[in-house]
Amino acid sequence: MDSPIATATLQATALSALSNVLGQLLTCFNAKIPYNLSLTDVLTFALFSFLACPPNYLWQAWLEATFPGYATLLPPRGKEKLIEEVVTGSSSGRSPPDSLKSRKAAAVTSASAPDVQKAKRSLNVKNTAIKFTLDQTLGAAFNTVIFILGIAILRGQGWQAGLQQTREGFWPLIFAGQKLWPAVSVISLTLVPVEARTTFGSLVGVGWNVFLTLLSAKGKGKVH
């Protein structure tokens with residue numbers, strides 16, 4: 001069985017490369033210049049996504065294990081099972097409450113299930129609010145820092161240049177992200193199984209990465 005984390009990483013890498021290509025083409029179109037793709041930029045964005053996806057995937061798994069969306073609290077072994085299934089695609093016991101397998105099973109039986117069973121599957125609003133808050137504060141800050149710093153380093157600009165760009169670009173990028181990612185997070189945490197959240201984010205990220213590419217092209221050496 002393929003590892004979900006490996007699958008999500010490869011998908012994120014491919015989507016990041018695609019979004020960078022689209023961004024470069026749009027940049028040429030807007031500037032009314034001949035189309036010219038920078039393979040270095042494509043590979044840089046793709047490599048960054050390849051490196052950044054696994055920690056983000058594990059972050060989502062940890063959030064769901066610690067604050068499950070469809071249970072009040074998971075015992076320690078339950079948390080281990082959830083992370084095991086989300087990361088490896090296998091489980092040594094019963095599927096965790098928000099796993100893809102559990103959601104599919106719930107969907108099959110929901111039509112005929114009694115009200116008591118339906119109540120057990122109700123969304124835990126408190127846990128979801130906690131996950132949303134953590135994802136949009138700690139998660140957003142971490143991803144913004146590693147994006148600006150990581151792209152600078154991958155482009156050979158060095159730590160000092162990367163840190164300077166991080167100081168200059170952190171808040172503008174955070175504020176720009178507030179127009180999109182909070183809504184994406186709400187949808188992801190309430191409607192998307194934990195195994196698919198990184199892929200869902202990557203799909204939305206195609207448009208976001210086009211924006212980042214266009215932003216980067218406006219001032220190379222400043223915000224990338």
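This structure is a prediction, so every number in the text was calculated from the model and none was measured.
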Rounded to the nearest 0.5 Å, how far apart are CZ of Arg155 and CD1 of Ile153?
13.0 Å
N/O donor-acceptor pair under 3.5 Å between Ser188 side chain and Val184 backbone:
no
Would you compute the distance between atom OG1 of Thr27 and atom OH of Tyr35 and round it to the nearest 0.5 angstrom?
10.5 Å
Closer than 3.5 angstrom, by distance alone: can the side chain of Ser19 be matched with the main-chain N or O of Ser16 as a donor-acceptor pair?
yes
Counting neighbours of CZ on Phe170 that are heavy atoms of other residues, nucleotides or ligands and sit closer than 6.0 Å, is the number greater than 12?
yes
Tightest non-hydrogen contact, residues Ser122 and Tyr70, listed as O-CD2, 3.7 Å
Under the side chain to side chain donor-acceptor pair (under 3.5 Å) rule, collect the residues that match up with Thr199, sequence neighbours excluded.
Gln11
Tell me, with the steps shown, if Trp62 and Lys131 meet side-chain contact (heavy atoms from CB on, under 4.5 Å).
CA-CA 10 Å; Trp62 179 84; Lys131 286 186 294 186; over 6 Å; no
Please give me the minimum heavy-atom distance between Cys53 and Ala12, naming the atom from each residue.
SG-CB, 4.0 Å
Atom CZ in Phe200, atom CG in Leu191: separation rounded to 0.5 Å?
8.0 Å
If you compare all heavy atoms of Asp135 against all heavy atoms of Ser185, which two are closest, and at what distance to 0.1 Å?
OD2-OG, 3.3 Å
Establish whether Phe29 and Leu25 are linked, either directly or via other cluster members, by ILVMFWY side-chain heavy-atom contacts under 4.5 Å.
yes
Linked, directly or transitively: Ile151 and Val145 (ILVMFWY side chains, under 4.5 Å):
no
Working to the nearest 0.5 angstrom, can you tell me the gap between Thr9 OG1 and Phe50 CZ?
6.5 Å
Got a second to check how far Thr13's OG1 is from Leu18's CG, nearest 0.5 Å?
12.5 Å
Check: residues 171-180 side-chain donor-acceptor pairs under 3.5 Å, at least two apart:
none

Between Leu149, Ile148, Asn143, which is the residue that forms a side chain to side chain contact (heavy atoms under 4.5 Å, CB included) with Ile146?
Asn143
Side-chain heavy atoms of Val21 within contact of Asp41, under 4.5 Å:
no
Looking at every heavy atom in both Gly69 and Glu64, which two are closest together, and how far apart are they?
N-OE2, 2.6 Å
Please check if Trp181 and Trp59 belong to a single hydrophobic cluster, counting links between Ile, Leu, Val, Met, Phe, Trp and Tyr side chain heavy atoms closer than 4.5 Å.
no
Find out if a path of hydrophobic residues (ILVMFWY) with successive side-chain heavy-atom gaps under 4.5 Å connects Ile130 to Ile187.
no
Work out which heavy atom in Asn124 is nearest to a heavy atom in Asn127; give both atom names and the distance.
OD1-N, 2.9 Å
Hey, quick one: are Phe67 and Val186 part of the same hydrophobic cluster, counting side-chain heavy atoms closer than 4.5 Å, chains of contacts allowed?
no
Could you please spell out the steps behind the side-chain contact (heavy atoms from CB on, under 4.5 Å) verdict for Arg197 and Leu189?
CA-CA 8 Å; Arg197 285 174 190 166; Leu189 294 174; 3.8 Å; yes
Rounding to 0.5 Å, atoms CG (Leu47) and CG (Leu51) come to a distance of 4.5 Å
What are the two closest heavy atoms between Phe48 and Phe147, and how far apart are they?
CZ-CA, 3.4 Å
Tell me every residue that passes side chain to side chain donor-acceptor pair (under 3.5 Å) with Thr198, counting only those two or more places apart in sequence or in another chain.
none
Can you confirm whether the side chains of Asn20 and Gln24 place a donor and an acceptor under 3.5 Å from each other?
yes
